[in-house]
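The next block holds one structure in the form of structure tokens; read it before the comments.
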Amino acid sequence: MATILAIESSCDETSAAICKDGKILSNIIATQAVHQKYGGVVPELASRAHQQNIIPVVEDAISSAKIRKKDIDAVAFTRGPGLLGSLLVGTSFSKAFALANNIPLVEVNHMQAHILAHFIDDPKPDFPFLCLTVSGGHTQIVLVRDYFDMEIVGQTTDDAAGEAFDKTAKILDLPYPGGPLIDKYAKEGNPEAFQFPEPQIPGLDFSFSGLKTSILYFIRDRQKEDPNFLQNNIADICASVQHRIITILLGKLKRAAREYGIKDVSIAGGVSANSGLRKSLEEAAVKYGWRVFIPAFQYCTDNAGMIAIAGYHKFLKKDFVGQDIAPLARMSF
Ligand code: KG4
Ligand code: ZN
């Protein structure tokens, strides 16, 4: 029997979760609205908001799970990658909680946790499987051989897919974070209305910076001809941009599935919440005979539930860390 308290504070979401024997009992997420007016995450403000949110979020997670503090057997926390000041809040809290309650500490890699979110609900993938991890800071194709035996076989050479959504939204004058809004407008638009270029990057790697530049020039030129172009075509623009991002992502995923001979294919990370990507993946599954795995919506964007499941599997292996542990802004597998 194991009850884990998990803490996530790598970016702008303060989250705490309780997991009992691999089942998530609570997953509380406090989103920091303070960044919206700046059009992106302001690291100093994120750290401060984590400091304000962390105790109420943890108390909420414990009471929602209907457990007592003394039932907790270990505390798992995101060590990295992420914003250092944000990670420090979660790490320091977790160390203090573990010390005060005399329980072990478990460190978790945020990107591995996004992938391990597939082990929260049924059906769960079989090893080995491929995971397209798409977030605000990362775009990776990962070959997952076991819970903690993962290899990045392709990744972005510049911007992440989430950044491509967020930067496009900025060009389109939409507020941060733009991904969910582009998704919303895209539902009403024609994905074939405008053609944006597909980058020619060898192998399984990605590039999104050229797409951002082509959107910038496209909007600038069309606005010159018609000052209302943007507002009159927002749905078609969003649908076309989203379509291009999806074809880039799925093109490489198809190639990886073929090269590695793997038919268990999954997506994870904030961009996996995108309805167009989820739908296109389901269609690819039918076409290529894949078994696809898509996390429940609440486990796609940053959350402590995924940290809890990763922490639980480390707890089973007694993979603990000491009080001298420090967060890492960059952290590989
Ligand atoms: O995994 P995540 O919550 O945080 C990081 O670890 O980066 O991912 C955040 C990213 C943002 O870029 C956000 O715009 C994007 O995920 N995102 C979406 C959607 N929901 C979140 N992008 C496209 N469509 C969505 N529905
Ligand atoms: Zn994330």
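One-based numbering, in listed order, for ligands and for the atoms of each.
- At a cut-off of 3.5 Å, with distance as the only test, a side-chain donor of S207 or D158 sits close to an acceptor on the other residue.
- From the protein, the heavy atom lying nearest to atom 17 (N) of ligand 1 is G270 O, 3.5 Å.
- Checked by atom type, the side-chain pair D12/H50 shows no donor-acceptor distance below 3.5 Å.
- From the protein, the heavy atom lying nearest to atom 9 (C) of ligand 1 is G136 N, 3.7 Å.
- K279 has a carboxylate O that lies under 4.0 Å from a charged side-chain N of E283, or vice versa, which qualifies the two as a salt bridge.
- In terms of protein heavy-atom proximity, atom 26 (N) of ligand 1 is closest to D183 OD2, 2.9 Å.
- Protein heavy atom nearest atom 3 (O) of ligand 1, with residue, atom name and distance: D302 N, 3.0 Å.
- Remark: ligand 1 and E163 share no N or O pair separated by less than 3.5 Å (distance only, no angle test).
- When rounded to 10 degrees, the angle formed at the Zn ion (ligand 2) by OD1 (D302) and NE2 (H114) equals 100°.
- Residue contact check for ligand 1: H110 places a non-hydrogen atom closer than 4.0 Å to it.
- Of all the heavy atoms of H114, the ones lying under 4.0 Å from any atom of ligand 1 belong exclusively to the side chain.
- Distance from atom 22 (N) of ligand 1 to its nearest protein heavy atom, with residue and atom name: G179 CA, 3.4 Å.
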